[in-house]
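Just so we're clear, the structure is a prediction, and the values are computed from it rather than from any experiment.
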Amino acid sequence: MSEIWILALLLLTAALPVGIALCWFRIRKLPVTLPYFLAALAAGLVSLLAAALFQSLFPPFSGRGGAGQVFFNVFFRIALIEEASRLIVLVPLFRALGRRRNMDASFCAALGLVAGLGFAMLESAFYGITDANIALLRAFTAAPLHGACGIRVGAAAFFFARNPAKAVFLFVFAVLIHGAYNMMIVSGGLPSALAVLVAFTALFSSLPLLKAAREGQGQRL
């Protein structure tokens with residue numbers, strides 16, 4: 001019974017950023033209804049499974065090895081694959097949702113934020129099963145990081161067929177932010193507080209992409 005309660009606590013802790021985002025959407029009156037929110041959350045979970053599948057094709061990353069090996073694993077095996085998996089899931093989702101309402105870049109960025117938090121939620125729960133202390137730590141680090149990258153990838157998914165150059169810019173920016181964060185995590189010579197600073201700076205700098213979402217159809221959760 002105690003193990004069940006511990007698992008429930010881990011899941012609740014990992015889901016905390018998602019709940020905060022849901023409340024923030026409602027307070028800010030962003031035009032993201034609950035069905036769209038849940039669809040984006042599910043997309044984030046699917047993208048994690050897709051990323052895990054692709055990453056399983058490579059040897060496990062231990063954080064050791066030469067500089068070239070660490071760079072490859074941090075920026076390619078982790079950052080690039082995870083952001084590409086998110087993009088691969090969001091592009092068809094937005095095309096399907098676009099048949100029911102007019103989609104704009106900021107609305108897609110908002111859904112990308114939810115997808116990023118969904119990704120971080122499940123990932124944090126998995127890490128937390130191994131070490132309970134990690135779940136709370138990742139709620140304040142990985143969740144903002146994945147949320148920030150999700151916003152940029154969500155916008156990139158919108159521009160995927162409309163403005164490929166802008167889509168590539170947003171996507172590459174997300175990969176670089178993700179890779180820089182992970183590099184600080186695995187590098188023993190850098191303070192962990194620097195990674196937290198990067199995650200929150202990336203999140204707050206991405207929020208302007210959501211600004212115009214309030215000018216949508218006026219729908220509320």
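The heavy-atom pair separating Ala120 from Ala142 by the smallest distance is CB-O, 4.1 Å. Closest heavy-atom contact between Ser106 and Leu210: O-CD2, 4.0 Å. When every heavy atom of Gly179 is checked against every heavy atom of Ala79, the shortest pair comes out as N-CB, 3.6 Å. The nearest pair of heavy atoms linking Gly116 to Arg86 is CA-NH1, 3.5 Å. Residues Leu93 and Ala43 share a closest heavy-atom pair of CD2-CB, 3.8 Å.
Judged by a 6.0 Å distance limit and a 45° cone about the ring axis, Arg152 is not positioned over the six-membered ring of Phe171. Cation-pi geometry between Arg77 and Phe58 is not met: the NZ or CZ atom fails to fall both under 6.0 Å from the ring centre and inside 45° of the normal.
By the rule that hydrophobic residues join a cluster once side-chain heavy atoms approach within less than 4.5 Å of another member, Trp24 and Leu117 end up as members of one cluster. By the rule that hydrophobic residues join a cluster once side-chain heavy atoms approach within less than 4.5 Å of another member, Phe204 and Val114 end up as members of one cluster. Linking ILVMFWY side-chain heavy atoms closer than 4.5 Å, directly or via other members, places Phe76 and Leu57 in a single hydrophobic cluster. Hydrophobic cluster membership is shared by Ile151 and Leu30, with clusters built from Ile, Leu, Val, Met, Phe, Trp and Tyr side chains linked at under 4.5 angstrom. Criterion: ILVMFWY side-chain heavy atoms under 4.5 Å apart, direct or through other members. Under it, Val32 and Phe119 are part of a common hydrophobic cluster.
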>> Applying ring-ring contact (aromatic ring centres under 6.0 Å, His included) to Phe107 and Tyr36, what does each step give before you reach the verdict?
In response: CA-CA 10 Å; Phe107 183 81; Tyr36 287 118; 5.5 Å; yes
> For Leu45 and Leu48, what are the C-alpha separation, side-chain angles and deciding distance, and is it a side chain to side chain contact (heavy atoms under 4.5 Å, CB included)?
Replying inline: CA-CA 5 Å; Leu45 304 181; Leu48 174 61; 5.8 Å; no
> When you look at Phe173 and Val168, which way does the side chain to side chain contact (heavy atoms under 4.5 Å, CB included) test go after all the steps?
Replying inline: CA-CA 8 Å; Phe173 198 8; Val168 170; over 6 Å; no
> Could you walk me through whether Met183 and Phe71 pass the side chain to side chain contact (heavy atoms under 4.5 Å, CB included) check?
Replying inline: CA-CA 8 Å; Met183 184 66 76; Phe71 183 88; 4.1 Å; yes
>> Pair Arg95, Met103 - check side chain to side chain contact (heavy atoms under 4.5 Å, CB included), show working.
In response: CA-CA 9 Å; Arg95 288 184 178 178; Met103 309 282 283; over 6 Å; no
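You'll find the side chain of Tyr181 stays beyond 4.5 Å of the side chain of Leu194, heavy atoms only. Side-chain atoms of Phe200 and Val196, non-hydrogen and from C-beta on, do get closer than 4.5 Å to each other. For the pair Leu90 and Leu111, the minimum side-chain heavy-atom distance is 4.5 Å or more. Residues Leu145 and Thr141 fail the side-chain proximity criterion, which asks for heavy atoms closer than 4.5 Å. Considering only heavy atoms from C-beta on, Ser85 comes within 4.5 Å of Phe54 through its side chain.
Separation of atoms CG (Leu170) and SG (Cys149) is listed at 11.5 Å; rounding is to 0.5 Å. How far CG of Leu34 is from CG of Leu38: 4.5 Å, rounded to the nearest 0.5 Å. Here CG of Leu209 is found 11.5 Å from SG of Cys108. Values are rounded to the nearest 0.5 Å. Note that CD1 of Ile177 is 7.5 Å distant from OG of Ser206, once rounded to the nearest 0.5 Å. Atom CD of Glu123 and atom NE2 of His146 lie 4.0 Å apart (nearest 0.5 Å). Annotation: the span from Cys23 atom SG to Ile20 atom CD1 amounts to 8.0 Å, rounded to 0.5 Å.
Judged by distance alone, the side chain of Asn73 and the main-chain N or O of Gln69 form a donor-acceptor pair under 3.5 Å. Side-chain atoms of Arg162 come within 3.5 Å of backbone N or O of Phe158 as a donor-acceptor pair. Formation of a donor-acceptor pair under 3.5 Å by the Thr201 side chain with backbone atoms of Val198 is not found in this model.
Crowding of Phe72 atom CZ: a count of heavy atoms from other residues, nucleotides or ligands under 6.0 Å exceeding 12. Residue Phe160 places its CZ atom among 12 or fewer non-hydrogen atoms of other residues, nucleotides or ligands, all under 6.0 Å distant.
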